[in-house]
Amino acid sequence: MNRSIAIDGPCGAGKSTVAEEAARRLGGHYLDTGAMYRAVGLYMLSEGIALTDAEGIARAVSKLHVDVQYDGENRQHTFLNGEDVTSQLRQPEVSKAASAVATVKEVRQQMVRRQKELSQELFLVCDGRDIGTCVIPDALLKIYLNAAAEERARRRFEQMSDKSCGFEQVLADINARDYNDMHREESPLCKAQDAVEIDTTHMTFEEVVSEVTRLYRQRAGM
Ligand code: DC
């Protein structure tokens with residue numbers, strides 16, 4: 001049994017903020033695996049490799065080195081060939097590129113290998129799409145964090161400083177990413193059989209974090 005926590009779910013369900021805070025309260029490290037796929041996507045964009053060219057992406061990723069390190073405040077920094085690219089990973093083009101590269105088997109194999117290593121070294125609260133099913137299938141606690149698509153789009157839209165693209169576009173992007181993540185051949189997003197599903201549509205952030213830490217303490221006998 002691995003003592004880590006696996007949190008999966010669709011984009012915008014609150015996985016990253018919940019995982020980060022749960023890690024802080026429980027004394028673990030938050031691992032944002034999406035950032036690793038985003039780094040791969042960023043590389044393909046910067047090299048002009050077409051996001052539809054699975055073979056080109058597979059060739060390129062075999063020469064790529066994606067890694068994470070933690071700073072003194074336990075914050076994750078994501079590195080692409082030795083360069084800290086953390087601040088470049090949240091643009092919408094990078095989100096789309098990440099969703100595309102995450103469908104490529106060779107990309108997933110390489111990211112999952114490193115994530116598994118990290119889960120052996122550290123107590124992780126890890127979020128992604130395949131954590132409970134593939135990366136840490138023996139995690140002490142698996143959570144599937146969900147929320148209605150409209151609510152996830154509303155939260156995303158509220159966070160955006162530039163609202164020029166409009167709410168309908170944000171909702172359409174979320175639906176498109178859900179579809180990609182759930183219908184790809186390689187490790188599609190799905191709830192692990194033994195995951196606890198938490199629907200956050202009508203929950204506050206504090207309620208969700210408290211529930212995750214309560215479940216963990218109960219399982220760990222803390
Ligand atoms: O969680 P995120 O939005 O940062 O993830 C970016 C993309 O990477 C998303 O489209 C799904 C993909 N991803 C994945 O396939 N597996 C993971 N473990 C994490 C993210």
Side-chain angles (χ1 to χ4, degrees), residues 2 4-20 23 29-45 51-52 54 57-58 61 64 66-68 75-78 80 85-119 124-137 139 142-147 149 152-153 155-157 159-160 170-192 195 200:
N2 185 301
S4 295
I5 303 180
I7 303 186
D8 292 299
C11 56
K15 297 185 302 293
S16 56
T17 43
V18 167
E20 192 169 19
H29 287 79
Y30 164 50
L31 177 64
D32 169 8
T33 60
M36 298 172 73
Y37 292 94
R38 285 169 181 269
V40 176
L42 177 69
Y43 180 81
M44 302 305 155
L45 291 177
L51 297 173
T52 46
I57 292 171
V61 81
L64 266 190
V66 174
D67 206 1
V68 306
R75 285 223 174 84
Q76 173 179 332
H77 292 257
T78 307
L80 181 58
V85 292
T86 312
S87 64
Q88 300 172 51
L89 300 180
R90 306 308 306 182
Q91 298 110 310
E93 318 85 75
V94 178
S95 302
K96 286 194 189 125
S99 188
V101 300
T103 64
V104 178
K105 184 170 79 188
E106 291 78 358
V107 172
R108 303 204 70 81
Q109 285 172 340
Q110 199 166 313
M111 298 306 114
V112 168
R113 195 179 316 129
R114 183 65 190 127
Q115 291 157 13
K116 279 181 183 284
E117 282 169 8
L118 287 163
S119 80
L124 296 179
V125 182
C126 185
D127 83 331
R129 306 295 189 285
D130 58 344
I131 310 304
T133 51
C134 189
V135 179
I136 325 177
K142 298 181 191 177
I143 301 285
Y144 190 83
L145 217 56
N146 211 347
R152 291 186 279 127
R155 292 177 192 166
R156 241 327 106 94
F157 189 63
Q159 282 167 0
M160 290 165 64
V170 175
L171 179 58
D173 282 352
I174 283 204
N175 281 324
R177 283 180 62 201
D178 281 358
Y179 188 87
N180 260 359
D181 294 346
M182 290 173 186
H183 292 87
R184 66 182 179 218
E185 236 167 79
E186 294 298 326
S187 312
L189 167 65
C190 66
K191 177 176 170 279
T200 72

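All ligand and atom numbering here is 1-based and tracks the order in the structure.
For atom 4 (O) of ligand 1, the nearest non-hydrogen atom of the protein is R38 NE, 2.7 Å. The protein atom (non-hydrogen) at minimum distance from atom 20 (C) of ligand 1 is G34 CA, 3.6 Å. Of the protein's heavy atoms, R177 NH2, 2.5 Å lies nearest to atom 3 (O) of ligand 1.
Annotation for ligand 1: atoms under 4.0 Å from non-hydrogen atoms of R184 are 14 (C), 15 (O). Those atoms of ligand 1 that come under 4.0 Å of a heavy atom in A98, given as number and element, are 6 (C), 7 (C). Of all the atoms in ligand 1, the ones that sit under 4.0 Å from a non-hydrogen atom of S99 are 10 (O). For ligand 1, the atoms sitting less than 4.0 Å from at least one non-hydrogen atom of D130 are 16 (N), 17 (C), 18 (N), numbered in the order shown with element in parentheses. Listed by atom number, the atoms of ligand 1 under 4.0 Å from A102 heavy atoms are 12 (C), 15 (O). The contact set between ligand 1 and G128, taken as ligand atoms under 4.0 Å from a residue heavy atom, comprises 17 (C), 18 (N), 19 (C).
Inclusion of R129 in the set of residues having an N or O under 3.5 Å from an N or O of ligand 1 is warranted.
Looking at heavy atoms from C-beta onward, R114 lies out of side-chain contact with V66 at the 4.5 angstrom threshold.
Looking only at atom types and distance, the side chain of T200 has a donor-acceptor partner in the side chain of R155 under 3.5 Å away.
Crowding of K116 atom NZ: a count of heavy atoms from other residues, nucleotides or ligands under 6.0 Å exceeding 12. Within a 6.0 Å radius of CD in E117, other residues, nucleotides and ligands contribute more than 12 heavy atoms.
A salt bridge links D178 with R152; the closest basic N to acidic carboxylate O contact falls under 4.0 Å.
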